[in-house]
Novice: 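Submitted below is the structure of interest, expressed as structure tokens.
Proteins get letters first, then strands, A, B, ... in listed order; numbering begins at 1 in each. Here the structure is a predicted model, which means the values were calculated and not measured.
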Protein chains: 2
Amino acid sequence: MTVAKQRDTKPSAKTAFVTHDHAGCAAGTLHRAQEAAREKGVRMTPVRQRALEILLEEHRAMGAYEVLDRLAADGFGNQPPVAYRALEFLVENGLAHRVRRLNAFAACMRPGEDHAPVFLICRACGAVAEAGADEVRSALLDAAARHNFTVERATVEALGLCPRCVDGAEAVL
Amino acid sequence: MTVAKQRDTKPSAKTAFVTHDHAGCAAGTLHRAQEAAREKGVRMTPVRQRALEILLEEHRAMGAYEVLDRLAADGFGNQPPVAYRALEFLVENGLAHRVRRLNAFAACMRPGEDHAPVFLICRACGAVAEAGADEVRSALLDAAARHNFTVERATVEALGLCPRCVDGAEAVL
DNA sequence: CTTGACGTGTGATTTTATAACATACATTTA
DNA sequence: TAAATGTATGTTATAAAATCACACGTCAAG
Ligand SMILES: [Zn+2]
Ligand SMILES: [Zn+2]
Ligand SMILES: [Zn+2]
Ligand SMILES: [Zn+2]
């Protein structure tokens, strides 16, 4: 089937800002996330999977309450902990990320790959891309080392304009 | 006077995690912040200055409500906007930074210097250091450029253990 | 003196996140 | 299978963080 072909396609790492077969992109990522969960021995329950599917619908970050509304509409609980717990599970297990600048969550595009994500957030269209950036991470570790600081987790987020919005958007800085 | 000598001392860039003359450190930074505000033509009103002084008391980040309590105790208003407005002013004018991981604010140690701050946040003692890290910034810009993304603002924060806490703190990762 | 920009005070509300407890389901153990 | 145990979900309530909307005061330009 044609979907299966898309499913195992390696992501091009810059899909978020260009038009692409997102149905296949999302299905493939979901599939890889399920695989990662299975290998990790954690349970991908219905709420959790649905929450991930919701995050995967678009390349943008969603607030917990927005996810909650969607989950509730699908027959799951409608209280904050329902969404927060599902999202926490996804983040803990590397299937989603928290985007601190937006107080929101985004599906991970490389589930199970143990990567160091850098987020590129378009302030005009809200698109969020997950850029792999080992150089950023190692530069950060170097800087920390100069202060004798031991890094355990890092947040790297850039706000700006994606290639589609860079023309025709008013400057902010 | 001895304070004046401290006031114009350039910060060593790694003061936060080592014992130092913090009274002089704070006074000097406040002085430089006032200077920066004057040069920029913005008004350092009483609330704003007091808010900065409060942030400068320790090398850690403070929540808006914590700052608010302190301001209220000093006779200023006791409603959230009082603190948020003062903090927003400080951030907008480069006299303080927002630490997103903590939903908190920290005084800038290089007011008026137009720098690219990287925060090192100790999860054990709460100390926050502002590490200059041009390499991190340029690596981030490179990564963004590969996606044709235009960076306007960036957040780089590392959570971990400072040199004083690295011994005798349980692992978390 | 009047106008308008800016800053501050205050009450109310919105948005984001957790605490605490009860119930349901699943996996192990007997 | 039945009991026991751990894990997941549902629900009520509350806490924490941030913003809105409006009134009042100050000060400097016209
Ligand atoms: Zn896609
Ligand atoms: Zn965009
Ligand atoms: Zn100091
Ligand atoms: Zn520490």
Side-chain angles (χ1 to χ4, degrees), chain A residues 34 37-38 40-55 60-93 95-106 121 126 155 157 159, chain B residues 34 37-38 40-55 60-93 95-106 121 126 155 157 159:
Chain A
Q34 288 169 325
R38 203 187 51 68
K40 224 184 162 194
V42 294
R43 293 171 49 193
M44 191 64 142
T45 63
V47 227
R48 293 167 176 176
Q49 166 154 343
R50 189 72 195 102
L52 181 54
E53 287 171 3
I54 290 166
L55 291 184
R60 69 182 184 91
M62 282 180 87
Y65 281 77
E66 200 178 346
V67 172
L68 177 59
D69 286 346
R70 299 288 310 276
L71 289 174
D74 289 347
F76 296 100
N78 63 102
Q79 298 303 316
V82 170
Y84 278 100
R85 285 197 285 234
L87 292 167
E88 181 187 33
F89 168 86
L90 295 173
V91 170
E92 289 288 296
N93 293 285
L95 310 180
H97 297 287
R98 193 168 192 143
V99 183
R100 306 212 89 109
R101 180 144 220 143
L102 304 175
N103 286 336
F105 300 82
I121 307 161
T155 302
E157 299 174 357
L159 186 73
Chain B
Q34 288 169 326
R38 203 188 49 70
K40 223 183 163 195
V42 294
R43 293 171 51 194
M44 192 63 145
T45 64
V47 226
R48 293 167 176 178
Q49 166 154 344
R50 189 72 195 102
L52 181 54
E53 288 171 2
I54 290 167
L55 291 183
R60 69 181 183 91
M62 282 180 88
Y65 281 76
E66 201 178 346
V67 172
L68 176 59
D69 286 346
R70 299 288 311 276
L71 289 174
D74 290 347
F76 295 101
N78 64 105
Q79 300 300 317
V82 171
Y84 278 100
R85 285 195 286 233
L87 292 167
E88 180 187 32
F89 168 86
L90 295 173
V91 170
E92 289 287 295
N93 294 285
L95 310 180
H97 298 287
R98 192 164 194 151
V99 182
R100 305 211 92 105
R101 180 146 221 139
L102 304 175
N103 286 336
F105 301 81
I121 308 161
T155 303
E157 299 174 356
L159 186 72

Novice: In B/S/- notation, 5' to 3', how is nucleotides 25-30 of chain D contacted by protein heavy atoms closer than 4.0 Å?
Specialist: ------

Novice: Considering only nitrogen or oxygen atoms on both sides, find all protein atoms under 3.5 Å from nucleotides 15-22 of chain D and state each distance.
Specialist:
unit_1, atom_1, unit_2, atom_2, d
dA17(D), N7, Tyr65(B), OH, 3.2
dA18(D), OP1, Arg98(B), NH2, 2.9
dA18(D), OP2, Tyr84(B), OH, 3.0
dA18(D), O5', Tyr84(B), OH, 3.3
dA18(D), N7, Tyr65(B), OH, 2.6
dA18(D), N6, Tyr65(B), OH, 3.3

Novice: Considering only distance and modelled atom types, tabulate donor-acceptor pairs under 3.5 Å from the side chains of residues 72-88 of chain B, sequence neighbours left out.
Specialist:
unit_1, atom_1, unit_2, atom_2, d
Asp74(B), OD2, Arg50(B), NE, 2.5
Asp74(B), OD2, Arg50(B), NH2, 3.3

Novice: Which whole-number value in Å describes the distance from Leu71(A) CG to dA8(D) P?
Specialist: 16 Å

Novice: Look at the side chain of Glu157(A) and the backbone N and O of Arg100(A), then say whether any donor-acceptor pair between them is shorter than 3.5 Å.
Specialist: yes

Novice: With side-chain contact (heavy atoms from CB on, under 4.5 Å) as the test, would you mind laying out the steps for Glu92(A) and Val42(A) before giving the verdict?
Specialist: CA-CA 11 Å; Glu92(A) 289 288 296; Val42(A) 294; over 6 Å; no

Novice: Can you name the side-chain hydrogen bond (donor to acceptor under 3.5 Å, both in side chains) partners of Gln49(A), sequence neighbours left out?
Specialist: Gln34(A), Glu53(A)

Novice: Please list, chain by chain and in numerical order, all residues satisfying side-chain contact (heavy atoms from CB on, under 4.5 Å) with Val91(B), sequence neighbours excluded.
Specialist: Ala96(B), Phe105(B)

Novice: How would you label the contact of Val82(A) with the nucleic acid (heavy atoms, under 4.0 Å): base, sugar-phosphate, or nothing?
Specialist: base

Novice: Do the non-hydrogen side-chain atoms of Leu95(A) and Arg48(A) ever get within less than 4.5 Å of each other?
Specialist: no

Novice: What residues form a side-chain contact (heavy atoms from CB on, under 4.5 Å) with Ala61(A), not counting sequence neighbours?
Specialist: Val99(A), Leu102(A), Ala104(A), Ala106(A), Val128(A)

Novice: Going 5' to 3' along DNA chain C, which nucleotides are the first and last within contact of chain A (any atom under 4.0 Å from a heavy atom)?
Specialist: dT16(C) to dA26(C)

Novice: Residues in side-chain hydrogen bond (donor to acceptor under 3.5 Å, both in side chains) with Arg38(A), at least two apart?
Specialist: Glu35(A)

Novice: Measure from CE on Met44(A) to C1' on dA8(D) and round the result to the nearest Å.
Specialist: 15 Å

Novice: Grab the CG-P distance between Asn78(A) and dA13(D) for me, whole Å please.
Specialist: 13 Å

Novice: Sequence neighbours excluded, which residues qualify as salt bridge (Lys or Arg N to Asp or Glu O under 4.0 Å) partners of Arg70(B)?
Specialist: Glu57(B)

Novice: With sequence neighbours excluded, what pairs up with Arg60(A) under the side-chain hydrogen bond (donor to acceptor under 3.5 Å, both in side chains) test?
Specialist: Glu58(A), Glu66(A)

